[in-house]
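Input: a single structure, listed below in structure tokens.
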Amino acid sequence: MHPYQDPARPAPERVDDLLSRMTLEEKAGQLFHSMLTMNPDGTPVTETDGSLLPLTDEAAETVGRADFTAAGAAAQRRSLTVLTAGPLPLSGRPRLYVENVDPDAAAAYGEVVANPSEADLALLRLRTPHEERPNRFESFFHSGSLAFAPEELARVLTLLRAVPTVVCVNLERAAVLPEIAERAAALLADYGASDAALLDVVFGRAKPEGRLPFELPRSMAAVEAARPDVPNDTEDPVFPYGHGLTL
């Protein structure tokens with residue numbers, strides 16, 4: 001039995017022994033073990049399997065308040081950033097082809113079709129590219145290349161050539177997307193927004209006010225040539241820091 005496993009020993013001694021046996025990676029991982037959790041509709045999770053902290057009754061009432069949820073939904077719409085506007089805002093009820101968008105949500109704005117060839121317009125949501133890292137600590141964060149993998153980029157560009165497409169990229173970090181910016185009918189960025197929030201902006205039911213919190217570089221070569229200690233330092237970015245259009 002290790003000292004930290006012995007219930008007869010004083011707690012400080014057991015903690016010191018346990019910490020001495022943990023790797024830096026294991027210690028860092030402890031930072032992420034306990035967290036409050038939310039349901040997709042914004043209400044708090046109050047019962048768990050023990051791996052996550054449930055909310056107290058008081059916290060659940062505060063976190064799940066209707067006015068707080070409404071304020072969050074409004075903030076999502078305001079935060080959306082229009083990089084290129086093209087035909088936005090849309091009107092009427094077009095035939096929509098959607099990818100990574102809930103078809104039920106889209107059906108409130110247009111007729112959802114199963115094939116791009118049947119659509120007047122496509123709506124595509126993407127996530128910022130990243131590379132998987134093997135160690136546990138880095139697995140909590142997305143890192144690596146900002147460019148889309150060639151096969152993913154080719155798939156996206158095929159859709160953009162087939163039908164006018166509104167693209168929304170979730171910018172948890174910067175992305176290299178000059179080809180997508182050039183060919184998309186309209187390009188938006190989000191930082192965590194629901195499909196309904198995005199659709200409200202696309203169809204003019206809400207006003208986007210977002211501005212880029214960082215520039216979007218033209219290539220990974222430009223990223224690698226930039227000074228590592230200076231923000232927004234790449235040559236000829238596709239979109240500069242602070243860019244954002246109004247509709």
Side-chain angles (χ1 to χ4, degrees), residues 73-129 146-148 152-219 236-247:
Q76 288 182 16
R77 287 156 174 78
R78 292 178 59 196
S79 71
L80 281 158
T81 303
V82 180
L83 302 177
T84 64
L88 303 184
L90 302 179
S91 60
R93 285 187 56 83
R95 292 171 296 175
L96 296 172
Y97 171 78
V98 297
E99 286 191 14
N100 303 322
V101 174
D102 181 3
D104 290 337
Y109 301 79
E111 177 189 350
V112 178
V113 297
N115 194 295
S117 64
E118 303 170 347
D120 300 314
L121 188 93
L123 182 59
L124 169 66
R125 300 195 75 167
L126 299 172
R127 297 194 66 84
T128 307
L146 304 176
F148 287 88
E152 173 66 2
L153 180 60
R155 187 191 69 79
V156 170
L157 295 180
T158 297
L159 176 62
L160 269 54
R161 285 190 292 266
V163 61
T165 303
V166 175
V167 179
C168 182
V169 183
N170 176 256
L171 290 183
E172 59 171 332
R173 56 202 295 258
V176 173
L177 40 63
E179 302 90 348
I180 295 173
E182 180 181 353
R183 293 171 175 81
L187 180 61
L188 297 90
D190 81 89
Y191 316 97
S194 67
D195 291 338
L198 172 60
L199 285 157
D200 271 358
V201 166
V202 168
F203 280 86
R205 301 182 188 180
K207 293 292 185 182
E209 301 177 17
R211 300 294 183 267
L212 282 179
F214 38 65
E215 66 184 17
L216 299 187
R218 190 162 295 277
S219 67
D236 188 28
V238 178
F239 299 105
Y241 164 76
H243 178 73
L245 305 177
T246 56
L247 297 178

| remark: Rounding to 0.5 Å, atoms CG (Asp190) and CZ (Arg77) come to a distance of 12.5 Å
| query | Would a distance-only check, ignoring hydrogens and angles, find a side-chain to backbone donor-acceptor pair under 3.5 Å from Asp120 to Arg95? | reply | yes
| query | Ignoring hydrogens and geometry, is there a side-chain-to-backbone donor-acceptor pair from Ser219 to Pro217 under 3.5 Å? | reply | no
| field | Steps toward side-chain contact (heavy atoms from CB on, under 4.5 Å) verdict (Val156, Thr165) | value | CA-CA 10 Å; Val156 170; Thr165 303; over 6 Å; no
| Any Asp200 side-chain heavy atom under 4.5 Å of Tyr109 side chain | yes
| remark: Heavy atoms of Ala189 and Leu83 approach each other most closely as CB-CD1, 4.3 Å
| Which pair of non-hydrogen atoms, one from Val113 and one from Tyr97, has the smallest distance, and what is that distance? | O-CD1, 3.8 Å
| field | Polar side-chain atom of His243 near backbone of Glu215 as donor-acceptor pair, under 3.5 Å | value | no
| field | Distance in Å, Leu80 CG paired with Leu247 CG, rounded so as to fall on 0.5 Å steps | value | 10.0 Å
| Is any side-chain heavy atom of Leu216 less than 4.5 Å from a side-chain heavy atom of Val169? | no
| field | Considering all heavy atoms, the nearest Ala122-Val163 contact | value | CB-CG1, 3.6 Å
| query | Do Leu177 and Leu126 touch side chain to side chain, with heavy atoms closer than 4.5 Å? | reply | no
| query | Does a side-chain heavy-atom distance below 4.5 Å link Val202 with Leu88? | reply | yes
| request: Might you confirm whether atom CZ of Arg78 has over 12 heavy atoms from other residues, nucleotides or ligands at distances under 6.0 Å? | output: no
| message | For Tyr241, I'd like to know if atom OH has over 12 heavy atoms of other residues, nucleotides or ligands within 6.0 Å. | response | no
| note | Here the gap from Leu245 atom CG to Arg211 atom CZ, rounded to the nearest 0.5 Å, amounts to 7.5 Å
| query | Can you find a pair of side-chain heavy atoms, one from Leu121 and one from Pro164, that are under 4.5 Å apart? | reply | yes
| Taking all atoms of both residues into account, what is the closest heavy-atom pair of Ala186 and Gly86, and its distance? | CB-N, 4.4 Å
| Side chains of Leu199 and Leu123 in contact at under 4.5 Å (non-hydrogen atoms) | yes
| Which one of Asn100, Asp195, Asp102 satisfies the side-chain hydrogen bond (donor to acceptor under 3.5 Å, both in side chains) criterion with Arg125? | Asp195
| CD1/Ile180 to CG/Leu153 distance, rounded to the nearest 0.5 angstrom? | 5.5 Å
| What pair of heavy atoms forms the shortest contact from Asn170 to Gly192, and how long is it? | ND2-N, 3.4 Å
| How far apart are the closest heavy atoms of Gln76 and Ser194, and which atoms are they? | OE1-N, 2.8 Å
| remark: One should read off an interatomic distance between Glu182 CD and Leu157 CG, to the nearest 0.5 angstrom, of 9.5 Å
| field | Euclidean distance, Glu111 CD relative to Arg93 CZ, rounded to 0.5 Å | value | 8.0 Å
| task | Could you go through the side-chain contact (heavy atoms from CB on, under 4.5 Å) check for Leu171 and Leu212 one step at a time? | result | CA-CA 9 Å; Leu171 290 183; Leu212 282 179; 3.7 Å; yes
| Okay, side chain of Thr84, backbone of Leu187: is any donor-acceptor separation there less than 3.5 Å? | yes
